[in-house]
K.L.:
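Take a look at this one; I'll ask things after.
The shown structure was predicted, so the numbers you read here are calculated from the model rather than taken from an experiment. Just the heavy atoms: all of them, side chains too, but no hydrogens, waters or symmetry mates, feed the values below. Order of the sequence lines fixes the chain letters, A, B, ..., with proteins taken first and strands second; residue numbering starts at 1 for each chain.
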Protein chains: 2
Amino acid sequence: MSLNMDELDEVSQILKLLGDKTRLTMMKLLEKRECCVCELVEIFKMSQPSVSQHLRKLKDAGLVKENRKGQWIFYSVNPNSVQHELIQNLIAFVPSQDHQLEELEKKGLRISCD
Amino acid sequence: MSLNMDELDEVSQILKLLGDKTRLTMMKLLEKRECCVCELVEIFKMSQPSVSQHLRKLKDAGLVKENRKGQWIFYSVNPNSVQHELIQNLIAFVPSQDHQLEELEKKGLRISCD
DNA sequence: TCAGTATATAACTATACGCTTATATGATCA
DNA sequence: TGATCATATAAGCGTATAGTTATATACTGA
């Protein structure tokens, strides 16, 4: 998120970013647990570059953070973003996406580094 | 707002609509008090068709309602919209636009039908 | 160091969006 | 009824956006 933004710009930029169904769902997922790109590709049935580009927008705005573990990069909601309270508020209105994560597990496609 | 929309569609559509700075500001204003198109034209320094088109989008989604008074049509936030709680939540994060209304008064451009 | 896997970036395309100008519709009032 | 004011709609334009395929970068492990 740019430094010289007033609050109105901040809020509208966040809403614009999350006005996309894919990114909104991503945030709901990444609030629950961190995911790597390949997991999100599987969940969204979407090309890997497309997923990467969405993540980059979210990251550029400070909404998610990345955490490399070996060859994977795990993304999760950044709890230190500006307007984090707004974001949490929004996400609370998004239907749970837990079934997506459960299906990943079922297919044995969940990446774990523990 | 279309009838066969799931909750995720509803939420993302609202965020997309309010991801525009003009419409977001409009909602903040129209929550405070109803305004007619010509007042909004003055406030936003924008062409009348542009303002009308923004209002139509908000109205098509059920976010605002209209109220004709003589030759004017006054718009205000619709308290019976789907996801109204979400909308109120969002608007609470938008900086106050009261100064806009005060300036209208000062310029003698406020339309009153009482 | 090389092959394989994960992710990012570049380039392109089709569509959506916001704005403008021009015009149509609708209400008021003499 | 005709002039005027308020609002809506139509058409067109420039730009932004989300997706694709192709390619580059980066890490892992033999």
Side-chain angles (χ1 to χ4, degrees), chain A residues 2 8-9 12-27 29-30 34-61 63-76 104 108-114, chain B residues 2 8-9 12-27 30 34-61 63-76 104 108-113:
Chain A
S2 154
L8 180 59
D9 285 318
S12 65
Q13 202 220 333
I14 288 170
L15 300 189
K16 173 171 273 175
L17 277 171
L18 302 192
D20 177 273
K21 216 157 101 174
T22 302
R23 286 191 294 266
L24 185 61
T25 309
M26 276 180 177
M27 287 295 281
L29 280 163
L30 299 180
E34 58 180 15
C35 292
C36 65
V37 178
C38 58
E39 289 174 320
L40 297 172
V41 168
E42 174 62 28
I43 289 172
F44 289 99
K45 312 288 185 208
M46 193 177 264
S47 72
Q48 173 267 315
S50 188
V51 169
S52 275
Q53 283 157 12
H54 282 301
L55 287 169
R56 194 153 98 87
K57 289 191 180 189
L58 293 174
K59 200 188 127 218
D60 285 349
L63 272 57
V64 301
K65 59 190 175 71
E66 56 180 52
N67 174 22
R68 183 178 275 279
K69 293 184 183 176
Q71 60 188 149
W72 296 283
I73 299 176
F74 285 81
Y75 286 86
S76 56
L104 257 194
L109 294 173
R110 173 162 171 188
I111 309 289
S112 176
C113 297
D114 308 326
Chain B
S2 154
L8 180 59
D9 285 317
S12 65
Q13 201 219 331
I14 288 168
L15 300 189
K16 173 171 275 175
L17 278 170
L18 302 191
D20 178 272
K21 216 157 101 175
T22 303
R23 286 190 294 266
L24 185 62
T25 309
M26 278 182 177
M27 288 295 282
L30 299 180
E34 57 179 17
C35 292
C36 66
V37 179
C38 58
E39 290 175 320
L40 297 172
V41 167
E42 175 62 28
I43 290 171
F44 288 100
K45 311 289 183 208
M46 195 176 262
S47 72
Q48 173 266 315
S50 189
V51 169
S52 275
Q53 284 157 13
H54 282 301
L55 287 169
R56 194 153 98 87
K57 289 190 181 192
L58 293 174
K59 202 188 125 221
D60 284 351
L63 271 57
V64 302
K65 59 189 176 71
E66 57 182 51
N67 174 23
R68 183 179 275 278
K69 293 183 184 175
Q71 58 188 150
W72 295 283
I73 299 175
F74 285 80
Y75 286 87
S76 57
L104 257 194
L109 294 173
R110 171 158 173 191
I111 309 287
S112 175
C113 297

K.L.:
Within the distance-only criterion (no hydrogens, no angle test), does the side chain of A:R68 pair as donor or acceptor with the backbone N or O of A:G70 below 3.5 angstrom?
P.N.:
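Present.
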K.L.:
Would you kindly give the NZ-to-C1' distance between A:K16 and D:dA18, to the nearest whole Å?
P.N.:
14 Å
K.L.:
Could I get the full list of side chain to side chain donor-acceptor pair (under 3.5 Å) partners for B:S50, not counting sequence neighbours?
P.N.:
none
K.L.:
In whole angstroms, how far is the C1' atom of C:dC17 from the CG atom of B:L18?
P.N.:
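Rounding to the nearest Å, CG of B:L18 and C1' of C:dC17 are 15 Å apart.
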K.L.:
Please determine whether a side-chain nitrogen or oxygen atom of B:R23 lies at a distance below 4.0 Å from atom OP1 or OP2 of C:dG18.
P.N.:
yes
K.L.:
Taking OP1 and OP2 of C:dA8, is either one under 4.0 Å from a side-chain nitrogen or oxygen of A:Y75?
P.N.:
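Checking A:Y75 against C:dA8: at least one side-chain N or O falls below 4.0 Å of OP1 or OP2.
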K.L.:
Taking the axis from the first five pairs and the axis from the last five, what angle separates them in the helix from C:dT1-D:dA30 to C:dA30-D:dT1, rounded to 10 degrees?
P.N.:
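Axis angle across the helix from C:dT1-D:dA30 to C:dA30-D:dT1, nearest 10°: 20°.
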K.L.:
If I take atom CG in residue A:L58 and atom C1' in nucleotide C:dT7, what distance separates them, rounded to the nearest angstrom?
P.N.:
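Spelled out: CG on A:L58 to C1' on C:dT7 is 16 Å.
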K.L.:
How many Å lie between CG on B:N67 and C1' on D:dT7, as a whole number?
P.N.:
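My rounded result for the distance is 15 Å.
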K.L.:
Under 4.0 Å from OP1 or OP2 of C:dG18: is there any side-chain N or O of B:K57 that close?
P.N.:
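Yes.
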K.L.:
Sequence neighbours excluded, which residues qualify as side chain to side chain donor-acceptor pair (under 3.5 Å) partners of A:K21?
P.N.:
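Applying side chain to side chain donor-acceptor pair (under 3.5 Å) to A:K21 gives B:D9.
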K.L.:
Find the distance B:W72:CH2 to C:dC29:C1' and express it as a whole number of Å.
P.N.:
12 Å
K.L.:
Distance check needed: C:dA6 C1' versus A:F74 CZ, whole Å only.
P.N.:
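In whole Å, C:dA6 C1' lies 11 Å from A:F74 CZ.
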K.L.:
Output the rounded distance in Å from CD (B:E66) to C1' (D:dA6).
P.N.:
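Rounded to the whole Å, the gap is 13 Å.
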K.L.:
Determine whether B:L63 and B:L18 make a side-chain contact, defined as any pair of heavy atoms from C-beta on separated by less than 4.5 Å.
P.N.:
yes
K.L.:
Where each residue is assigned the nucleotide of DNA chain D containing its nearest heavy atom, which of A:L17 and B:L55 is assigned the position nearer the 5′ end?
P.N.:
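Taking each residue's closest nucleotide, the earlier one in sequence belongs to B:L55.
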K.L.:
Please report the distance, rounded to the nearest Å, between CD1 in B:I73 and C1' in D:dA8.
P.N.:
8 Å
K.L.:
Using a 4.0 Å cut-off on protein heavy atoms (strictly under), produce a 5'-to-3' string for nucleotides 19-27 of chain D with B for base contact, S for backbone-only sugar-phosphate contact, and - for none.
P.N.:
BBBB----S
K.L.:
Rounded at 0.5 Å granularity, tell me how far CG in B:L17 sits from CE in B:M26.
P.N.:
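Rounded to the nearest 0.5 Å, the CG-CE separation comes out at 12.0 Å.
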K.L.:
Only one of B:K69, B:R110, B:K65 clears salt bridge (charged side-chain N to carboxylate O under 4.0 Å, His left out) with B:E34; which?
P.N.:
B:K69
K.L.:
Side-chain N or O of A:R56 versus OP1/OP2 of C:dT9: is the shortest distance under 4.0 Å?
P.N.:
yes
K.L.:
Can you list the residues that meet the side chain to side chain contact (heavy atoms under 4.5 Å, CB included) rule with B:V41, with sequence neighbours excluded?
P.N.:
B:V37, B:Q48, B:V51
K.L.:
What pairs with A:L109 under side chain to side chain contact (heavy atoms under 4.5 Å, CB included), at least two apart in sequence or on another chain?
P.N.:
A:E42, A:L104, A:K107
K.L.:
Pick base, sugar-phosphate or nothing for A:K21, based on heavy-atom distances below 4.0 Å to the nucleic acid.
P.N.:
nothing
K.L.:
Can you tell me how far OG1 of A:T22 sits from CG of A:L55, rounded to the nearest 0.5 angstrom?
P.N.:
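One finds 10.5 Å between CG of A:L55 and OG1 of A:T22.
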